[in-house]
Number of protein chains: 2
Amino acid sequence: MTLSRDIRIFMELDQTDRRILGQMQRDCDISLESLGEIVGLSRNACWRRIKLLSEAGIIKGKVALLNADALGLALTVFIQVRTDQHDPDWSAKFARATRTLPQIQGVYRMSGDLDYLIRAQVADMKDYDHLYQKLTSSVSLADVSASFVMEEIKDTTALPL
Amino acid sequence: MTLSRDIRIFMELDQTDRRILGQMQRDCDISLESLGEIVGLSRNACWRRIKLLSEAGIIKGKVALLNADALGLALTVFIQVRTDQHDPDWSAKFARATRTLPQIQGVYRMSGDLDYLIRAQVADMKDYDHLYQKLTSSVSLADVSASFVMEEIKDTTALPL
DNA sequence: ACTGAAAAGGGCACGGC
DNA sequence: GCCGTGCCCTTTTCAGT
């Protein structure tokens, strides 16, 4: 019974759903009343749609976005990682290590010549070195190189609708 | 009067503030009552702290996080861009173009050999090609190469506290 | 899909530590 | 100063129509 493995249910979204999602992914700290006015619906219709969208897993959750600079995390760094070990044991260890480190926001296994791309947020170079030391001491990595963000031109969690 | 340009006020954060922020950046859809219990404070003390943290700009806002897969955006791509034009006019144009495209979540000017790194979310290869066409037609780019995400090991908006 | 009513939660002023 | 309590008003939630 592996037939259903790759089947994915896509909920039908109309223009109003999209408008609701669009607003909420920009700012969800808004009353149902105001949201209703924006999308042209009663507060209640909005409420029921949001409930459905949440239950369908389209809305993953609501979070507060924090200001990295104000928290003293001025440096964003992308770390490129190459490995010579491709066994599942190594992968699990690498995943666990990166998921545990709170400085790391994203870890992606990539196509192409580099194996993994890591996005992290640190205070400064010294702090980056800490992260580097922790990372390389918990898993063996063949090649690690870092690129630092000089300027953040765009940074959003909003997806296209 | 350029002396104050780089001055930044860091608000003193105690352990309770950190606990509040930690909870809210994981899930802000929680009542002040519950939050108070978690951090060991009354609902009102929480409320006042959150208000201060927002006014200080430490909390940038509250947003709904959407499920990219459920929206049919299965492909995450990192686009490396090199340019030969470094005049401010080109930069402004590039910034405007990337900020306008909703498929693009992040644009970073980098140190090192590549100039810009772009993170985007698209449906599939065809959709990526659309994005590529739009991007290259609105600004002149010397070199563009894409790396596709095979597996997302970690992806969070939570910053270390 | 709207109305309305009960329940929950947010916002604010005051008093206490 | 900062915390907590009590009160009121807004918002959410969910019934019925």
Side-chain angles (χ1 to χ4, degrees), chain A residues 9-73 156-159 161, chain B residues 4 7-67 70-71 156-161:
Chain A
I9 309 298
F10 286 96
M11 184 176 162
E12 277 288 346
L13 300 179
D14 64 15
Q15 213 46 49
T16 306
D17 285 322
R18 276 172 228 282
R19 254 182 259 138
I20 290 174
L21 292 173
Q23 175 59 41
M24 288 186 69
Q25 73 176 166
R26 261 174 272 125
D27 178 16
C28 70
D29 203 9
I30 179 180
S31 71
L32 288 171
E33 199 100 47
S34 316
L35 185 58
E37 282 174 30
I38 291 169
V39 305
L41 229 58
S42 75
R43 46 206 139 119
N44 239 331
C46 279
W47 176 75
R48 221 166 327 108
R49 278 170 187 257
I50 291 169
K51 197 162 177 263
L52 284 172
L53 290 165
S54 298
E55 282 163 1
I58 291 171
I59 297 175
K60 285 197 292 184
K62 297 181 185 180
V63 300
L65 261 24
L66 308 187
N67 184 332
D69 282 344
L71 292 168
L73 299 163
T156 179
T157 55
L159 300 176
L161 302 165
Chain B
S4 63
I7 292 180
R8 176 156 285 141
I9 310 295
F10 286 95
M11 183 177 163
E12 278 287 347
L13 299 180
D14 63 16
Q15 213 46 50
T16 306
D17 285 322
R18 275 172 230 283
R19 253 181 259 138
I20 290 174
L21 292 173
Q23 175 58 41
M24 289 186 69
Q25 74 177 167
R26 262 173 272 126
D27 177 17
C28 70
D29 202 9
I30 179 180
S31 70
L32 288 170
E33 198 99 45
S34 316
L35 185 58
E37 281 173 32
I38 291 169
V39 305
L41 229 60
S42 75
R43 52 209 137 111
N44 248 70
C46 280
W47 175 77
R48 220 164 329 117
R49 277 166 187 258
I50 291 168
K51 196 162 177 261
L52 283 172
L53 290 164
S54 298
E55 283 164 2
I58 291 170
I59 296 174
K60 285 197 291 184
K62 297 183 187 181
V63 299
L65 262 24
L66 307 187
N67 184 330
L71 292 169
T156 179
T157 55
L159 300 176
L161 303 165

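Lettering follows sequence order; numbering is per chain, from 1.
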### Query
How long is the line joining CD of A/Glu33 and P of D/dC9, in whole Å?
17 Å
### Task
To the nearest Å, give me how far apart CG (B/Leu32) and P (D/dG6) are.
17 Å
### Query
How long is the span from the CG atom in A/Asp29 to the NZ atom in B/Lys62, to the nearest 0.5 Å?
4.5 Å
### Query
Does the side chain of B/Met11 come within less than 4.5 Å of B/Leu53's, by heavy atoms?
yes
### Query
Roughly how many Å is it from CD1 in A/Ile30 to C1' in D/dT12, rounded to a whole number?
15 Å
### Query
Under 3.5 Å, is there a donor-acceptor pair between the side chain of A/Arg26 and the main chain of A/Ala158?
no
### Task
Kindly state which residues belonging to residues 40-49 of chain B come within less than 4.0 angstrom of DNA chain C, counting heavy atoms of the residue only, listed by number.
B/Asn44, B/Trp47
### Query
What is the distance, rounded to the nearest whole Å, between atom NZ of A/Lys51 and atom P of C/dA1?
15 Å
### Task
Calculate the interatomic distance between A/Leu52 atom CG and D/dC14 atom P; express it in whole Å.
12 Å
### Query
Is it true that atom CZ of B/Arg19 has more than 12 heavy atoms of other residues, nucleotides or ligands lying nearer than 6.0 Å?
yes
### Query
B/Ile20 has an atom CD1; how far is it from atom C1' of D/dC2, in whole Å?
13 Å
### Message
Does any part of the side chain of B/Thr157, heavy atoms only, come nearer than 4.5 Å to the side chain of B/Gln25, both counted from C-beta?
### Response
no
### Task
In plain terms, say whether B/Arg49 and B/Asp14 are close enough for a salt bridge, that is, a side-chain N and a carboxylate O under 4.0 Å apart.
yes
